[in-house]
There are 2 protein chains.
Amino acid sequence: MATSETAAAIFAALGDPTRLSLFAALGDGAAHSITELADDAPVTRQAVTKHLKALERAGLVASARNGREIRFVMRREAIDDAKGFLNHIGAQWDGALDRLKAHVETGEA
Amino acid sequence: MATSETAAAIFAALGDPTRLSLFAALGDGAAHSITELADDAPVTRQAVTKHLKALERAGLVASARNGREIRFVMRREAIDDAKGFLNHIGAQWDGALDRLKAHVETGEA
DNA sequence: ATAAGGTGCAACCTCATGGTTGCGTATTTC
DNA sequence: GAAATACGCAACCATGAGGTTGCACCTTAT
């Protein structure tokens with residue numbers, strides 16, 4: 001399970017619009033080069049490079065050099081990590097509410 | 001469905017460790033006051049106030065004044081919004097991989 | 001060999017963020 | 001009414017984030 005700090009890092013990585021777009025662009029399952037991704041982005045190649053490194057640090061994408069270019073792919077597991085954390089909080093919330101409901105129904109005005 | 005920008009805002013809100021902690025603290029389903037939350041946080045009450053406002057702007061929590069204090073509660077739906085976005089990307093990825101697999105199996109070495 | 005394509009590095013700028021401190025205001029409580 | 005509680009506002013500070021530009025470096029194509 002993703003620790004709280006890891007989760008925060010993942011969310012932070014997805015928290016920037018440009019980065020989220022890049023991540024979503026990798027959702028096609030294919031491997032894309034920096035230039036390729038930069039062409040579809042409204043910012044400089046350098047900016048894209050920084051964002052991809054950020055995504056990689058957060059474990060959201062992986063890269064591999066291929067000749068003169070580097071191809072990035074989405075790390076699918078990362079999505080499940082993030083969802084896992086959200087599920088955790090959600091479940092905690094649901095559980096608390098269930099207990100409250102039970103408490104009320106059992107008596108105690 | 002959460003738009004891309006909304007999703008980024010949600011993720012950004014959860015992207016800070018302190019804020020994620022506060023949000024998780026509200027996972028017990030109860031309504032907590034600022035001072036209450038600040039007592040369990042490693043930062044100033046003012047910092048907590050700022051973070052709570054940020055969470056509220058992102059739609060992750062809701063607040064209601066009660067006399068001299070303000071009680072914050074988690075907006076459970078927000079979690080599902082975030083999960084929905086992740087599911088979207090995940091599904092896209094899965095779909096792409098399925099198509100690739102089908103493509104390979106249908107012929108084409 | 002030369003040119004073109006893909007990336008790395010570094011300096012630089014601006015602005016938002018996370019945090020603090022200090023003081024003022026409303027609400028309880030005694 | 002006075003003291004304690006819970007909060008708001010504003011100034012301030014340091015750092016980091018997002019972005020750009022310019023140039024150098026390696027790889028592939030001609």
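Atoms considered below: every heavy atom in the structure, side chains included; atoms not considered: hydrogens, waters and symmetry mates. Lettering of chains follows the sequences in order, A, B, ..., and the numbering in each one begins at 1.
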Side-chain ion pair, A/D39 and A/R45, N-O less than 4.0 Å: no
Closer than 4.0 Å, any side-chain N/O of [X] to the OP1 or OP2 of [N]?
X	N	result
A/T18	D/dG19	yes
B/H51	C/dG19	yes
A/T35	C/dT7	yes

Flag side-chain contact, heavy atom, 4.5 Å: B/I34 against B/E69: no
Rounded to whole Å, please give me the gap between [atom1] in [X] and [atom2] in [N].
X	N	atom1	atom2	value
A/N66	C/dG6	CG	P	12 Å
B/I34	C/dA26	CD1	P	17 Å
A/K53	C/dG6	NZ	C1'	14 Å
B/F72	D/dA6	CZ	P	15 Å
B/L52	D/dC7	CG	P	10 Å
B/L22	C/dG18	CG	P	11 Å
B/H32	D/dA6	NE2	P	15 Å
B/F11	C/dT17	CZ	P	18 Å

Plane angle bin for B/F11 and A/F11 - parallel if under 30°, tilted between 30 and 60°, otherwise perpendicular: parallel
Side chain of B/D16 - closest among C/dG18, C/dT7, D/dC7: C/dG18
Nearest listed nucleotide, side chain of A/K50, among D/dG18, C/dT7, C/dT20: D/dG18
Polar side chain donor-acceptor pair, A/E56 to A/S63, under 3.5 angstrom: yes
Any residue of residues 38-49 of chain A with a heavy atom less than 4.0 Å from an atom of DNA chain D: A/V43, A/T44, A/Q46, A/A47
Euclidean distance, B/D81 CG relative to B/R76 CZ, rounded to 0.5 Å: 11.0 Å
Closest contact, heavy atoms only, A/A58 versus A/A9: CB-O, 4.0 Å
Which atom of B/L26 lies closest to which atom of B/V73, heavy atoms considered: CD1-C, 4.3 Å
Residue whose closest nucleotide on DNA chain D lies nearer the 5' end, A/R19 versus A/R68: A/R19
